[in-house]
Number of protein chains: 2
Amino acid sequence: MTKEKSALMKNIIADYAESYSNFGLNPLMGRIVALLIISKEPKSLDEISDLLEMSKGPISQICRRLKDKNLIEKEWVPGDRKDYYKATDDIFGQAYINHAEKMRKNIEIAGKYAAEANENGGDDADYIIERMREMKAFYEMMDEFNQKFIENWKASR
Amino acid sequence: MTKEKSALMKNIIADYAESYSNFGLNPLMGRIVALLIISKEPKSLDEISDLLEMSKGPISQICRRLKDKNLIEKEWVPGDRKDYYKATDDIFGQAYINHAEKMRKNIEIAGKYAAEANENGGDDADYIIERMREMKAFYEMMDEFNQKFIENWKASR
DNA sequence: TATTTCATTTATAAGTTTTTAAATGTTTGA
DNA sequence: TCAAACATTTAAAAACTTATAAATGAAATA
């Protein structure tokens with residue numbers, strides 16, 4: 001019983017899949033997120049499976065991961081045992097919070113290697129220290145901006 | 001004639017590979033970028049191939065792509081026919097410029113579908129229009145911040 | 001022009017990720 | 001407790017990405 005998707009929906013879903021893939025995420029994540037963003041009513045795994053025309057296994061897994069990332073959430077429907085999913089209220093902001101977290105890792109990485117190169121003191125240690133400090137400064141400034149942006153976005157809604 | 005890499009170099013290279021992969025880029029890009037960031041002197045394809053212990057084919061291809069993205073550049077060495085590559089001066093800033101460009105695409109996507117849903121006018125068109133406008137607003141604000149950040153970073157160097 | 005020294009392309013192989021389909025768990029209600 | 005209605009896991013297949021090694025192409029020099 002395959003439900004129809006409009007050409008519009010199909011295209012949005014395809015573009016999200018590509019975009020998610022471009023940012024290093026599973027394209028199925030993008031498809032599910034797109035479907036739920038443009039759906040007024042929450043959708044069950046079976047409905048998602050039906051609309052995306054693929055088996056339920058990976059949809060179940062990816063939905064759990066999306067829930068862990070706070071991009072989607074379950075909605076309880078009284079008298080129904082199925083799980084119904086919908087996009088979280090500020091899904092765009094949340095997606096960026098997750099992304100900012102990934103970027104923040106670079107601060108740690110740079111700091112770690114600046115320190116290691118400092119202790120180690122090999123041939124080119126001085127140059128490596130300098131570059132790692134530059135990297136650290138960059139991502140620290142980046143992180144400040146990210147926090148500011150997230151704050152502003154939340155305020156603007 | 002395999003050249004030695006210090007444990008420090010190895011670890012930096014491995015972390016960059018992982019980080020690039022996490023952001024949806026080829027991990028070899030990360031390895032080459034890391035190597036050139038921490039190298040004072042420009043490196044030929046043969047040297048990169050030697051240091052990364054892999055064949056030259058993909059290194060040639062990825063170096064071209066990195067050059068197209070303005071992350072690395074060729075340096076001419078008089079009396080030598082080889083291509084020597086080094087990281088561009090503001091490689092971190094440039095990497096972010098590229099990244100911001102990827103994000104900017106989402107403005108177009110959202111705008112396109114908001115318009116399409118508007119013309120189309122299917123059942124759930126109103127809801128889709130609303131969500132696409134929200135998406136557009138988000139990425140427009142994002143882009144403003146990105147531009148401001150890039151400006152600030154350049155000014156701070 | 002022929003040879004050498006490079007970079008680049010290509011066919012193939014290896015590795016990784018994603019998907020399917022089927023089996024297994026788990027919860028609810030009769 | 002049993003059956004029904006779900007979600008989840010798993011093994012195998014398919015699709016995709018990355019790497020190798022060899023061939024090709026291009027440019028410089030003798």
Side-chain angles (χ1 to χ4, degrees), chain A residues 1-2 10 13-14 16-36 42-69 72-86, chain B residues 1-3 5 10 13-14 16-36 42-69 72-86:
Chain A
M1 193 194 8
T2 302
K10 266 191 204 163
I13 288 168
Y16 261 76
E18 197 188 329
S19 188
Y20 265 64
S21 180
N22 284 155
F23 284 95
L25 299 165
N26 189 314
L28 178 52
M29 277 194 177
R31 278 188 246 137
I32 293 173
V33 161
L35 177 61
L36 295 180
K43 295 253 176 291
S44 69
L45 291 182
D46 282 323
E47 287 172 313
I48 297 170
S49 165
D50 203 31
L51 284 158
L52 298 183
E53 291 169 68
M54 64 175 290
S55 56
K56 218 167 53 168
I59 290 173
S60 165
Q61 297 204 28
I62 298 287
C63 279
R64 184 148 35 94
R65 287 173 59 191
L66 288 171
K67 194 165 70 66
D68 292 345
K69 289 167 175 279
I72 69 176
E73 62 193 6
K74 285 186 190 177
E75 181 168 298
W76 180 62
V77 173
D80 194 328
R81 283 166 57 192
K82 285 182 184 164
D83 293 339
Y84 286 88
Y85 289 98
K86 64 174 185 181
Chain B
M1 191 196 3
T2 303
K3 273 186 203 160
K5 292 191 300 296
K10 267 189 202 163
I13 289 168
Y16 261 74
E18 198 189 327
S19 187
Y20 266 63
S21 181
N22 283 156
F23 284 95
L25 300 165
N26 189 315
L28 178 52
M29 278 194 175
R31 278 187 244 137
I32 293 172
V33 161
L35 177 61
L36 295 180
K43 297 253 176 289
S44 69
L45 290 182
D46 282 323
E47 287 171 314
I48 296 170
S49 164
D50 203 30
L51 283 158
L52 298 183
E53 292 169 67
M54 63 176 289
S55 57
K56 217 167 55 168
I59 290 173
S60 165
Q61 296 204 29
I62 299 287
C63 279
R64 184 148 35 93
R65 286 174 58 192
L66 288 170
K67 192 164 71 65
D68 292 344
K69 289 168 176 278
I72 69 176
E73 62 193 7
K74 285 186 190 179
E75 181 168 298
W76 180 62
V77 173
D80 193 329
R81 283 166 55 193
K82 286 182 184 165
D83 293 340
Y84 286 89
Y85 288 99
K86 64 175 184 181

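A note on names: the letters A, B, ... follow the listed sequences, proteins ahead of strands, and every chain is numbered from 1. Please read these numbers as outputs of a predicted model, since none were measured by experiment. In what follows, every heavy atom counts, from backbone to side chain, and hydrogens, waters and symmetry copies are set aside.
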**Q** How many Å lie between CG on D46(B) and P on dT4(C), as a whole number?
**A** 18 Å

**Q** Under the side chain to side chain contact (heavy atoms under 4.5 Å, CB included) rule, what do K74(B) and Y85(B) come out as? Steps first, then yes or no, please.
**A** CA-CA 5 Å; K74(B) 285 186 190 179; Y85(B) 288 99; 3.2 Å; yes

**Q** If you take all heavy atoms of S44(B) and Y84(B), which pair is closest and at what distance?
**A**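 The answer is N-CD2, 3.6 Å.
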
**Q** Can you confirm whether L45(A) sits close enough to C63(A) that some side-chain heavy atom of one is under 4.5 Å from a side-chain heavy atom of the other?
**A** yes

**Q** Passes side chain to side chain contact (heavy atoms under 4.5 Å, CB included), K86(A) versus L36(A)? Steps please.
**A** CA-CA 6 Å; K86(A) 64 174 185 181; L36(A) 295 180; 5.7 Å; no

**Q** Whole-Å distance between dA7(D) P and I32(A) CD1?
**A**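 My rounded result for the distance is 13 Å.
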
**Q** Whole angstroms only, please: what is the CD-C1' distance between E47(A) and dC6(D)?
**A** 14 Å

**Q** Just so I know, are the side chains of K67(B) and D83(B) near enough to count as touching, which here means a heavy-atom distance under 4.5 Å?
**A**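 Counting from C-beta outward, K67(B) and D83(B) never come under 4.5 Å.
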
**Q** Do the non-hydrogen side-chain atoms of E47(A) and K82(A) ever get within less than 4.5 Å of each other?
**A**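 They are not in side-chain contact.
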
**Q** Measure from CZ on R64(A) to C1' on dT8(D) and round the result to the nearest Å.
**A**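 Interatomic distance, CZ of R64(A) to C1' of dT8(D): 7 Å.
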
**Q** What integer distance in Å separates W76(A):CH2 from dT28(C):P?
**A**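 It is 11 Å, rounded to the nearest whole Å.
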
**Q** How many Å lie between CD1 on I59(A) and C1' on dA21(C), as a whole number?
**A** 14 Å

**Q** Take the protein atom NZ of K82(B) and the nucleotide atom P of dT5(C), then report the distance between them rounded to whole Å.
**A** 10 Å

**Q** Strictly under 4.0 angstrom, non-hydrogen atoms only: write out the protein contact profile of nucleotides 10-30 of chain D, one letter per nucleotide from the 5' end, B, S or -.
**A** B-------SSB------BS--

**Q** Write down the distance between CG (L45(B)) and C1' (dT9(C)), rounded to a whole number of angstrom.
**A**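 Spelled out: CG on L45(B) to C1' on dT9(C) is 14 Å.
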
